[in-house]
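The structure under discussion appears below in the form of structure tokens.
In what follows, chains carry the letters A, B, and so on, assigned in the order in which the sequence lines appear, proteins first and then strands, with residues in each chain numbered from 1.
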Amino acid sequence: MSETKSILGSSPLRKEGRPKVLGAAQYIDDLTLPGMWHGATVRSTIARGTIRSITFAPHINWSEYAIVRASDIPGENAIVHLPKDHPCLAAREINHVAEPILLLAHPEKSALLAAKAAIHIDYDELPGIFNIEASEAAVAAFINDPNDTDNIIWPGSSEGGTPNCFKNYQMYTGEAAPTESALVEAFEAADFIVEGEYTTGAQEQLYIEPNGVIAECDLDPVTGHVRGVTVRGSMQCPYYLVHALTLVFNLPEEKCRVIQVETGGAFGGKEDFPSVIGSHAALLAMKSGHPVKIIYDRGEDMAATTKRHPSRTRLRTAVSRDGKLLGGTIDVAIDGGAYATLSPVVLSRATIHAPGPYKWPHLRVRSKAMATNIPPHGAFRGFGAPQSLFALERHMDKIAYTIGFTPEEFRRRNFLSTGDHTATGQPLVEPVDMHHLLTRALADSGYHAKRAAFAESNQHSRIKRGVGFAAFMHGTGFTGSGERRLNSLVHLDILADGRPQVLVSSTEFGQGTNTILCQVAAEALHLPYDDILIHEVDTAAVPNSGPTVASRTAMIVGKLVERAANEVLATLRTQAALPTPHTREQFIAAAQRHHAQQGFLRASVRYEPPAKIFWDDDLYRGDAYPGYAWAVYVAEVAVDLNTYQVQVTRFDALQEVGRVLHPILAKGQIEGGIAQGIGYALYEKCVYKDGHLMNNQMTNYIMPTSADLPDIHVTFEEVPSLHGPGGAKGIGELPMDGPAPAILNAIENATGIGFNSIPLLPEDVYERLTSLTARPHGGAEDLNPVVDQATRTESPEVNA
Amino acid sequence: MTTIKLTINNTPATLSVSPIKRLLDVLRDDLHLTGTKEGCGEGECGACAILMNGELVNSCLIPALQADNATLTTIEGLANATHLHPIQQCFLEQGGAQCGICTPGMILATHHLLAQYPNPTDAQIREGLAGNLCRCTGYMRIFESVRQAAAKSLLPNH
């Protein structure tokens, strides 16, 4: 073995960093193919209705344009998802604003704007459904009168889902019927019953590079039939687009080639949406006979592509005088938008994360994804967990104040620990120490001293300062049996010159995929990091290692790379006399020897589910994730009672993510996620009117700038995991979960008012602080009644 | 069409372009300098930031005519044949670039900042970069990159 120190845990230079800082990295809009045309999308201007007519104004020479409509689609008019409800192009029915209806292409990009304006579409418009409550009301009306389908905007599906509801889950800590009766007993025995309702808004991913692709089509010169398609683009999951193309073009997988180019940010926003824009560009390439580039401008990208699901979560909790959770019910509803897309999966993660890092003797979580006439909501970092953890961590503070505990002490009495079972019945085999994380996070941030100091200084100041925290976890990898189904595959090739090359479909979009996978390979092969190559993500060359989502790349794909590297070593040792230990020179010599004598060496490794990991999709019980990252985040805020602006003045983030593979990248991931979380809590509001996003610009959709953010202090506890390479777990999504509840908890500490809705903008703070007489913690809200069983007061139902 | 003369990355150029063409498009389409990016097209994100006569500008807001006789520096003009510019080197080492799309503008904003304040305070760094949005990093690694570039006094005097 060479004498180099461990590569895992060091911070080598980002693999593709040099071209990025040089401005030489080629993103999709930097590429031009010979004979390339430009494409544009004609979209609906109404939220719900049917197309009556489409007219093309005569002043445009339409023969210069390629025009695609739904009837031109050679395969199925559907974007690949389980219920095939999502059309590639609307043929007649319109279900949301900005729904694609026609596609145009022209050799000159500048010729598209006027052409789009010269197409007039008439509609028979219907009233739209624009939020969860309206969608629920429509269901209630339908149940009351089955003929009342006026506001049933989604019919249900044989793949699951009922009218207006894409998916629902029920999750119990044990079997359903016994849990229900135990819940009744728990609420009867409770000293306190605490209820609350919490809502979150849509959030735009706001990657700085908008969605874009270039498609080529191989047409049979005689028949004109499509023989194959190739799409290059900015994306997270090239094989998702392959599958979308197979459906739209009715082609086998090997005829649909997808190449990911340098991708300027994604955050979930380029998980499933490239299936739409990629299919569109490929259809235009088919129709025009030319390569076609589609790049959305910012306004189109924001108006037409996916956002984080808005949510409403209601908690009802039974608590004892000594601060123990006795039982609870959690009801989560998310707004899925007009088509099912990824909503069932987002809802699944929201459901499983709803109980947080706590012991619930008896718990029922019910959740549902409702249809609305808003563009489909989709993946965004955290994927449902930020919504339900926001609700839970606000509610934990509320319970604490209600029963007379500190937020810290109440949580300590209920934390999950090693050996405990999660709400899905998963035993926590690997060490979990939330008590230590909390102790350290509060100490590192100076929490207790600040709480005391602010209580004093707030009496004399119009700037109210406060500090709050959130305790939470995030499951790594696909939920439940997801990884088993993905069945991921990676290759590790040894090239003729002896250099190893990693082949995966896992994409780099800033998080550091290229770097950490090469680190893992280098560590396992005992080679310098710089020796490891990683292949361009081209589905003609790389195997399907699964989508680049769900905090799965480091832990799941990294482990496969590690195993492939071990296979290569074993092969070279048995077949090419590689000594143990070996130097870099000995490795290269053995690799070249193997190449000369036996040819090309490739190790292919497929995912193997860890032993004793089991998940029951029907009962929604079992081992939900192979591993969890655990965290406590502390926010310090200043609420200015002159401007009603909330400023986060310091942020401390402590997490246990297994072994940290690359400290600089890891910190960058956490800091970036926290910045998005701060935006989610305090800045970023999607304003809809009749289904139109009114602020589809960076001018009026406000994300945090460098001047807005506090110093973010990121620290790690490193407890190596059994499952990831070198003991790593996933970290990508975790930092999105904690900031919003920590900040709103800090605001309650500062002002005495519990805000339970995000985004929380200065006008919202103004509204509440000027319309309410603030009372001490926990009691100010009529909307969220608190019932002390000791006084035997009836509990009104929560309604809002 | 109008003829404009400018100096781009120390090289003189004469172009025949529409006078209202965005300088961003002149750079990308006519000069094939694609390191300058478009993020929003309305001067909010700074991905298209370049140096024009030493000032940091959003090239999406500049009509071509306004660049007549100007001296422009884009990201392609910072490094020499063998070495990264020290600011680029610090961004590379400190994790200042993640997805990389804001990086060219951010590096030019840093260049402009350090020309004004060779040893900037944290507040000056925050203010100086506030016109350049980054969605990946939360800015902390970028601040560190800027501090390193300043602290090592790596910036050539000019």
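- If you take OH on B:Tyr139 and OG1 on A:Thr705, they are separated by 5.5 Å, rounding to the nearest 0.5 Å.
- When atom types are taken as modelled, the side chain of A:Ser706 and the backbone of B:Ala130 share a donor-acceptor pair closer than 3.5 angstrom.
- The candidate with the highest count of non-hydrogen atom pairs below 4.5 Å against chain B, out of A:Val714, A:Leu22, A:Asp297, A:Ile664, is A:Leu22.
- Between A:Glu262 and B:Lys37 there is no salt bridge, since no side-chain nitrogen of the basic residue lies less than 4.0 Å from a carboxylate oxygen of the acidic one.
- Listed options A:Glu508, A:Gln669, A:Arg298 were ranked by heavy-atom pairs under 4.5 angstrom with chain B; first place goes to A:Arg298.
- With values rounded to the nearest 0.5 angstrom, A:Asp30 atom CG is found 11.0 Å from B:Leu33 atom CG.
- Scanning all heavy atoms of the two residues, the minimum distance from B:Arg135 to A:Tyr207 falls at CG-N, 4.4 Å.
- Highest contact tally toward chain A, considering only B:Ala97, B:Cys99, B:Gly138, is held by B:Cys99 [criterion: heavy-atom pairs under 4.5 Å].
- Distance check, rounded to the nearest 0.5 Å: OG of A:Ser234 to CD1 of B:Ile101 gives 8.0 Å.
- Here the closest heavy-atom approach between residue A:Arg18 and residue B:Thr82 is recorded as NH2-O, 3.8 Å.
- Interatomic distance, CG of A:Asn700 versus CD of B:Glu44, reported as 8.5 Å (0.5 Å rounding).
- Contact of A:Ala25 with chain B is made through the backbone alone, with heavy-atom distances under 4.5 Å.
- Contacts between A:Pro663 and chain B at a heavy-atom distance below 4.5 Å are absent for every atom of the residue.
- Within a 6.0 Å sphere centred on CG of B:Asn80, other residues, nucleotides and ligands contribute more than 12 heavy atoms.
- The part of B:Thr137 that comes within reach of chain A is its backbone (N, CA, C, O), which places non-hydrogen atoms under 4.5 angstrom from that chain.
- With rounding to the nearest 0.5 Å, the separation of CE in A:Met698 from CG in B:Leu133 is 5.5 Å.
- Between A:Asp708 and B:Arg126 no salt bridge is recorded (no basic side-chain N to carboxylate O distance below 4.0 Å).
- Counting heavy-atom pairs closer than 4.5 Å to chain B, the top residue among A:Gly299, A:Gly668, A:Gly265, A:Ala675 is A:Gly668.
- B:Gln98 is not listed as a side-chain neighbour of A:Lys20, based on a closest heavy-atom distance of 4.5 Å or more.
- Heavy-atom pairs under 4.5 Å with chain B were tallied for A:Gln205, A:His662, A:Met302; the largest tally goes to A:Gln205.
- Judged by distance alone, with hydrogens and angles left aside, the side-chain atoms of B:Gln88 form a donor-acceptor pair with the main-chain N or O of A:Val21 at under 3.5 Å.
- Atom-to-atom distance recorded for B:Glu38:CD and A:Ile208:CD1 is 12.5 Å, nearest 0.5 angstrom.
- Neither the backbone nor the side chain of B:Leu78 comes within less than 4.5 Å of any heavy atom of chain A.
- When B:Glu144, B:Arg28, B:Glu76 are compared by the number of non-hydrogen pairs under 4.5 Å with chain A, B:Arg28 comes out ahead.
- Between chain B and the options A:Asp29, A:Ile674, A:Thr32, A:Thr263, heavy-atom pairs under 4.5 Å are most frequent for A:Asp29.
- In this structure, no portion of A:Asp301 lies under 4.5 Å from any heavy atom of chain B.
- Considering only heavy atoms from C-beta on, B:Met140 stays 4.5 Å or farther from A:Lys667 through its side chain.
- Of the possible polar contacts, one joining the B:Glu42 side chain to the A:Thr699 backbone as a donor-acceptor pair under 3.5 Å is found.
- In terms of heavy-atom pairs under 4.5 Å with chain A, the best-connected choice from B:Glu93, B:Glu127, B:Arg141 is B:Arg141.
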